[in-house]
Number of protein chains: 2
Amino acid sequence: MMRHSAPTTAPPPRERERRDPAATRQALLHAGAELFSERGFDGVPIEDIAQRAGVNKALISYHFRGKRGLYVAILQSAFAEMAARLEAIEAKAKNTRQALRAFLEAFAQLTRERPGFPTLFLREVLAGGIEPSVLPSLLAIIGVSRRLAERGAREGLFRRVDPLLLHFALVGSLVFFFSTEPARLRAAAQGLVPFAMPDSSAFVRYLEEITLRGLAPSGRTPGVAHPPSNRRKGARA
Amino acid sequence: MMRHSAPTTAPPPRERERRDPAATRQALLHAGAELFSERGFDGVPIEDIAQRAGVNKALISYHFRGKRGLYVAILQSAFAEMAARLEAIEAKAKNTRQALRAFLEAFAQLTRERPGFPTLFLREVLAGGIEPSVLPSLLAIIGVSRRLAERGAREGLFRRVDPLLLHFALVGSLVFFFSTEPARLRAAAQGLVPFAMPDSSAFVRYLEEITLRGLAPSGRTPGVAHPPSNRRKGARA
DNA sequence: GTCTATAGGCTGATAGAC
DNA sequence: GTCTATCAGCCTATAGAC
């Protein structure tokens, strides 16, 4: 997609199609994201990335100044995209309940589009030394869930809690669930597991429900029904 | 600890103290657990492990048939210990509320004793191809939290939910929280983060509370007070 | 059981042709 | 911008002395 430098005459005679430099970069970013998320930074030889991207491995050094540079570029784009999506959701949601639901579903959605992201995310936080260049995005993501908690308290949907607790509980279980999903599916497919694994939409619904009920102001048990339930301040204990 | 082959005469003249083979194995397991959890399997040269353990790197091959063998041995012991603890808790708890609290605190406790375990756990699940030899322990751990959900429903503390959803929500956020704690503390110490990070006991309490409230049978809002609250079967909706 | 020395494989980077 | 060829460094494993 998006090739703009095709020569006016015949298509290039090489066996593999000629591409934009931009397309090359893009292919490397994409292939790298997949492989790094599967095997971690140290587990991936640069040659494998080049091969999956369909380009020569020397191009990694040319375009990204080496393996580490490619990795950082991938991280930055992943974190930035996640932060941007969540912030967009926050701005669009009319109330906390909607914001919570959209927040949860954004994770599921992003996972569908880029299966490697949650794992990439997790691996990086695990590594301990967080890449300085992704810190702004990371703080932005934390900011969204913090404000979710604060907004919920303001609107009377939640009682007051440390917003960071909400953040870690939500994001932690989301990231864990989605980044381990491939392993679960594989294990289930091989018949290694003696029970049915929950699917992602059930999990998202569960998190939503438990958050709404778990954080409801005392004495109020909120309906979690999907119809836009008449919203009033709720009875007291 | 536990050295049984000390010679009858003078202590050995070597510069470093002579040790049991068992002590050597133990030192390697311990050093390996720390390093693998910090940097992942591929990120750790065998020499670093030997050095931290204070033994020669060739001993890794001798005792564990190579790097991979050491890694698997570490995984097995970590998973087995976790499973054993959780099962012990389950057997000892008098009711679901106690079991839940003990379950959560076991994670915090184990983290204090062996800081690398949650990360090791997470890295392994992330890798996708779960080591067959740890599968039994993994299933045992899942079994404990499954039965926690079932027991809670039986005792009227929880409403019915898919036990696996409870499992993933609890274990996911626990493992995430604890395995990222070192990174968080480091970031906070460097002043990179503009807010106070929650400590682990607050997080554990939050999870307990949100689970109790979130799963309470409809119409019942359980007190989460710590005094051993008079326990009756609980009112219905 | 432990250590030293070394072999052999693989990896990331780059010089230089195209 | 892209590719080929090459190289130096590191890493695991092991043979053999102690």
Side-chain angles (χ1 to χ4, degrees), chain A residues 2-9 11-32 35-36 38-75, chain B residues 1-9 11-32 35-36 38-74:
Chain A
M2 196 207 296
R3 73 187 50 180
H4 51 59
S5 70
T8 333
T9 55
R14 305 273 171 194
E15 60 215 295
R16 201 192 322 95
E17 263 186 75
R18 217 168 238 309
R19 295 195 274 199
D20 258 53
T24 297
R25 287 180 59 96
Q26 201 49 44
L28 284 170
L29 289 169
H30 192 255
L35 291 173
F36 284 139
E38 284 167 21
R39 306 186 216 153
F41 181 78
D42 296 302
V44 183
I46 241 168
E47 170 127 37
D48 290 13
I49 302 175
Q51 191 177 328
R52 180 169 306 199
V55 304
N56 188 277
K57 71 179 174 132
L59 292 178
I60 291 173
S61 284
Y62 180 78
H63 284 289
F64 298 98
R65 300 217 240 93
K67 185 186 186 182
R68 180 78 201 174
L70 172 61
Y71 182 68
V72 170
I74 290 168
L75 276 187
Chain B
M1 55 184 86
M2 193 206 294
R3 77 186 44 179
H4 51 55
S5 71
T8 334
T9 56
R14 304 272 172 197
E15 59 214 296
R16 202 194 318 98
E17 261 184 76
R18 216 170 239 311
R19 296 196 273 199
D20 262 50
T24 297
R25 286 180 60 96
Q26 201 49 42
L28 284 170
L29 288 168
H30 191 257
L35 291 173
F36 284 139
E38 284 167 20
R39 307 185 216 154
F41 181 79
D42 297 302
V44 183
I46 242 168
E47 171 126 38
D48 290 13
I49 303 176
Q51 190 178 328
R52 180 170 306 198
V55 303
N56 189 278
K57 70 184 174 134
L59 292 179
I60 291 173
S61 284
Y62 179 78
H63 285 289
F64 298 98
R65 299 217 243 91
K67 183 187 187 182
R68 181 78 202 173
L70 172 62
Y71 181 69
V72 171
I74 290 168

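Lettering follows sequence order; numbering is per chain, from 1.
Counting to the nearest Å, the P atom of C/dT14 and the CG atom of A/N56 are 14 Å from each other. Taking atom CD of A/Q51 as the reference point, atom P of D/dT2 lies 18 Å away to the nearest angstrom. The nearest whole Å value for the distance from the NZ atom in A/K67 to the C1' atom in C/dC10 is 12 Å. Separating the CG atom of A/D42 from the C1' atom of D/dC11 is a distance of 12 Å, rounded to the nearest angstrom. Atom CG in B/L59 sits roughly 18 Å away from atom P in D/dC18 (whole-Å rounding). A straight line from CZ of B/R68 to P of D/dC11 spans 18 Å, rounded to a whole angstrom. The separation between B/E47 atom CD and C/dA5 atom P is 13 Å, rounded to whole Å. Computed from coordinates, the B/F41 CZ to D/dC11 P distance equals 13 Å when rounded to whole Å.
Closest to the side chain of B/I46, from the set C/dA13, D/dC3, D/dT12, is D/dT12. The side chain of A/P21 has D/dT2 as its nearest neighbour among C/dG1, C/dA15, D/dT2. Considering only side-chain atoms of B/S61, the nucleotide from C/dG1, D/dA13, C/dA13 that sits closest is D/dA13. Nearest to the side chain of A/P45, among C/dG12, C/dT2, D/dT2, sits C/dG12. Nearest nucleotide to the side chain of A/K57, out of D/dT12, D/dT6, C/dG1: D/dT6. Side-chain proximity of A/A58 to the nucleotides D/dG1, C/dT14, C/dT11 is greatest for C/dT14.
Counting only distance, with no hydrogens or angles, the side chain of A/K67 and the backbone of A/D42 share no donor-acceptor pair below 3.5 Å. No donor-acceptor pair closer than 3.5 Å links the side chain of A/K57 to the backbone N or O of A/P45.
Other residues, nucleotides and ligands place no more than 12 heavy atoms under 6.0 Å from the CZ atom of B/R65.
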Pair A/F64, A/L29 - check side chain to side chain contact (heavy atoms under 4.5 Å, CB included), show working.
CA-CA 10 Å; A/F64 298 98; A/L29 289 169; 3.9 Å; yes
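Each of A/T24 and B/R65 was assigned the nucleotide of DNA chain D with the nearest heavy atom; the assignment lying further toward the 5' end belongs to A/T24.
Of all non-hydrogen atoms in B/H63 and B/R25, the two that sit nearest each other are O-NH1, 3.3 Å.
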